2 protein chains.
Amino acid sequence: MKELAKELSLSVGTVSKALSDSHEISDDTKKKVAETASRLNYTLNPYASSLRNKKSKTIAVVLPEVADNFFSLAINGIQSVAEKKGYHVLIYLSHEKFSNEKSILSECCSGRVDGVLISVSSETTDAQHILKLQQQNVPIVFFDREFEGLHIAKVITNDFECGYASATHLISNGCKNPVFLSISSSLGICNHRASGFKAALKDKKIADPEKAIIECRGTKEEVDWQIKNLLTGKTKPDGIVASVERLAMSVYLVSQQINISIPAELKVIVFSTLETAPILNPPLTTITQPAFEIGKTAAELLFKGIEKKKYNLFDEIITLPSVLIERTSSQPCQFKKK
Amino acid sequence: MKELAKELSLSVGTVSKALSDSHEISDDTKKKVAETASRLNYTLNPYASSLRNKKSKTIAVVLPEVADNFFSLAINGIQSVAEKKGYHVLIYLSHEKFSNEKSILSECCSGRVDGVLISVSSETTDAQHILKLQQQNVPIVFFDREFEGLHIAKVITNDFECGYASATHLISNGCKNPVFLSISSSLGICNHRASGFKAALKDKKIADPEKAIIECRGTKEEVDWQIKNLLTGKTKPDGIVASVERLAMSVYLVSQQINISIPAELKVIVFSTLETAPILNPPLTTITQPAFEIGKTAAELLFKGIEKKKYNLFDEIITLPSVLIERTSSQPCQFKKK
DNA sequence: CCCGATTGCGAAAACGGTTTCGTAAATAAA
DNA sequence: TTTATTTACGAAACCGTTTTCGCAATCGGG
């Protein structure tokens, strides 16, 4: 910028004001400045600006995983509004580890970002790291995976209802012993889905609701093994609701291996935005979240918090409904293939 | 930091040195500084540091789309090394638009990032925006989708060979009229795959290689329509190689709609890392790229360029091989289902 | 024609660190 | 004891912008 000023024999202050279209500067010199700036293809140093303005024009997105259809669609939604606002997006992955999430959030302070969108890891049972960030006046919005009991804005979906709907759907299609595969008993979102599921079992007086919730944690291999055990055990279920994408994939793979036919012997529903659901074998019934919309809405909410200093981001809750898309995997069958 | 200094009755310079573990400072005061720093939970302002050091500790990843298995796995690979190096990752999406890519890269200068990893959009036919960045001494590495003819490092896969292999696989499994679905005639990676494909047709003296390359561009709906026309036309193919994930999904959906049976009437292969490939109907033959590895290797290469000022990033080319995973969708059939 | 208001710009102080250089005290060498 | 060297720290410049404030020059009104 000094060079620019020298080139034009102006002061740096004047150049700065000209570039930011200040009213103090005549249109004439503004034009000259803009012209030589583009001629020397000059762009201003973002960090110097950030330092002075205490605005980074950057938000952080913290999520467990990016190789998951839901999250990648949510990122699309977030990015679409960030781009419109001229903001930059930092992506951080916790890989479902609490320790990672903690160190990530500790990096988000000191003005590195103007706001944080977060979907908590399945291990997160303590919110100190989140509260610490909030105390530093960093606007925060949960999307999808919230942490309950905090005064922090969130954009979520109707998990309880969908859990309820998934169970009633299975039951009305003939299941006597449906189970729910959870990934974490500490994850609010998963518990809501499970609670809805249990409530339906209770209402329909089917099975023991408490025994119908099965927690699947660990690596992919451990989960595969766990599901294999479940499906070959003596009290094997005739219906499964998978709370996330990868659990359903496990169920499909294992069923294929040990020759269990879906939906004749086992009906399956998954909470997922999986694009390949209609072309799976068999086509998979999904409860599809409005992933893009959730990301977009959360980002819009965050920017409300960033822009209006007085805007209270504390107790805002937005619920966007998911839809159950019925496909072959949960269809009733007159005859049971043996 | 001033407060810290006051609290300890030291100068800010001393505190700064203590925090960065300078040899000029005694272990005793270092300890004291560290202690009170964590007590006041102080973290240093990253942008002030960046301003002085001319290092942002941030890299940019520019890619067409994040809701694609290949790219999300590549991001995982990139992130894994960035994290190890203590770097932050900015994600930018071009959505396959050249104009977006251009404005994104123009944001990457002035030291906003220390390096750029890029997979070009399918519209990109001009590299001025990339060269401009390179002139500003920003280290750049292509991953997967390169732009040819530039002196810029790249991490790619053996596209030509795989294109060749895909064609020979189809032919040896009985196809007389295989076609290749491209997404862009300007995309180097796609052309390599297509060239390999054509070379195989020529060697085997099957069909007209030039007519076997079909470009599918436009929205999802337009592509669906185009594929539907192809599959219902009079010279309909009996084998398809899809150059990217979404083309294969289109083929599956359309085939299902108009009742074409795979692999009896149509064999399909796709270049993709689709996790659901084995549980599709039928299981889909893929040419699977080492997506994570590509991302990881590209990032490692980039950091070499960032760290060693003298390291020449110009003509480094790393090729990581993909593998053809044979599944039902391309199997030979004795009888043709009608 | 004179005085107050407006316009257009420069000087300099921030923003929050890092780094160079200087210096006093402590230590080692002579 | 004197001199040279090392150790531990402070003062101040600097990174590239933004912004406040001051100051001329021009403008408008009476």
Side-chain angles (χ1 to χ4, degrees), chain A residues 1-38 40-58 86 88 107-114 136-138, chain B residues 1-38 40-58 86 88 107-114 136-138:
Chain A
M1 183 143 136
K2 271 185 211 159
E3 292 185 28
L4 247 188
K6 202 180 295 173
E7 180 88 7
L8 290 151
S9 43
L10 287 172
S11 75
V12 289
T14 306
V15 173
S16 171
K17 289 177 206 166
L19 288 174
S20 58
D21 200 37
S22 160
H23 65 96
E24 293 185 21
I25 305 298
S26 70
D27 294 343
D28 198 41
T29 54
K30 273 184 200 169
K31 221 172 294 172
K32 277 186 211 158
V33 171
E35 187 259 316
T36 54
S38 78
L40 305 183
N41 58 45
Y42 162 85
T43 52
L44 52 88
N45 183 308
Y47 298 135
S49 304
S50 295
L51 183 55
R52 182 65 223 232
N53 293 333
K54 293 167 170 298
K55 281 281 156 223
S56 64
K57 283 277 187 182
T58 303
H88 301 255
E107 300 256 26
C108 288
C109 47
S110 290
R112 182 184 291 280
V113 297
D114 297 343
Q136 307 199 7
N137 290 316
V138 179
Chain B
M1 183 142 136
K2 273 185 213 160
E3 292 185 27
L4 247 188
K6 202 179 294 173
E7 179 88 7
L8 290 151
S9 41
L10 287 172
S11 76
V12 289
T14 307
V15 173
S16 171
K17 289 176 205 165
L19 288 174
S20 59
D21 199 38
S22 159
H23 65 96
E24 294 185 19
I25 306 299
S26 71
D27 294 343
D28 199 40
T29 55
K30 273 183 199 169
K31 222 173 293 172
K32 278 186 210 157
V33 171
E35 188 259 317
T36 54
S38 79
L40 306 183
N41 57 44
Y42 163 86
T43 52
L44 50 90
N45 183 310
Y47 298 136
S49 306
S50 295
L51 183 55
R52 184 63 225 238
N53 295 334
K54 295 169 171 295
K55 280 281 157 223
S56 64
K57 283 279 187 180
T58 304
H88 301 256
E107 300 256 25
C108 288
C109 48
S110 290
R112 182 183 290 281
V113 297
D114 297 343
Q136 307 200 6
N137 289 316
V138 178

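Sequence lines set the chain letters: A, B, ... in the order given, protein chains first and strands last, and positions in each chain run from 1. Note that this is a predicted model, so its numbers are computed, not measured.
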side-chain N/O B:Y42 vs C:dG16 OP1/OP2, d < 4.0 Å: no
Spacing of B:E3 atom CD relative to C:dG16 atom P, expressed in whole Å: 10 Å
Between C:dT18 (C1') and B:R52 (CZ): distance, integer Å: 5 Å
Short N-O contact, B:K57 and B:D114, less than 4.0 angstrom: no
Length of the line joining A:K31:NZ and C:dG8:P, which is rounded to integer Å: 13 Å
Residue pair A:S50 / A:S56, side-chain donor-acceptor N/O under 3.5 Å: no
B:I25 vs B:A48, nearer the 5' end of DNA chain D by closest nucleotide: B:I25
Sugar-phosphate, base or nothing in reach of A:S50, heavy atoms under 4.0 Å: nothing
Nearest-Å distance for atom pair NZ/C1', residues B:K2 and C:dC15: 8 Å
C:dG10 OP1/OP2 closer than 4.0 Å to side-chain N/O of A:K17: no
Sidechain-backbone polar pair: A:T29 side chain, A:I25 backbone, donor-acceptor under 3.5 Å: no
C:dG16 phosphate, OP1 or OP2, under 4.0 Å from A:K54 side-chain N/O: yes
Sugar-phosphate only, base, or nothing, as touched by B:S49 at under 4.0 Å among non-hydrogen atoms: sugar-phosphate
Separation of atom NZ in B:K55 from atom P in C:dT19, rounded to whole Å: 13 Å
Sugar-phosphate, base or nothing in reach of A:T29, heavy atoms under 4.0 Å: sugar-phosphate
Atom pair CG (A:N45) and OH (B:Y47), whose distance is rounded to the nearest 0.5 Å: 11.5 Å
Polar side-chain atom of B:S38 near backbone of B:E35 as donor-acceptor pair, under 3.5 Å: yes
Interatomic distance, B:K57 NZ vs C:dT18 P [rounded to whole Å]: 12 Å
Under 3.5 Å: donor-acceptor pair, side chain of B:K6, backbone of B:S11: no
Sugar-phosphate only, base, or nothing, as touched by A:S16 at under 4.0 Å among non-hydrogen atoms: base
Short side-chain N/O contact to C:dC9 OP1/OP2 from A:S26, under 4.0 Å: yes
B:Y42 side chain to B:L4 backbone, donor-acceptor under 3.5 Å: no
Protein-nucleotide distance (B:M1, atom CE; C:dT19, atom C1'), rounded to Å: 11 Å
Upstream residue (5' side of DNA chain D) when B:N53 and B:E24 are each assigned their closest nucleotide: B:E24
For A:L44 against A:S49, the heavy-atom pair lying closest together: CD1-OG, 3.2 Å
Interatomic distance, A:N45 CG vs C:dG16 C1' [rounded to whole Å]: 14 Å
Interface limits on DNA chain D, where chain B has a heavy atom under 4.0 Å of a nucleotide atom: D:dA8 to D:dG16
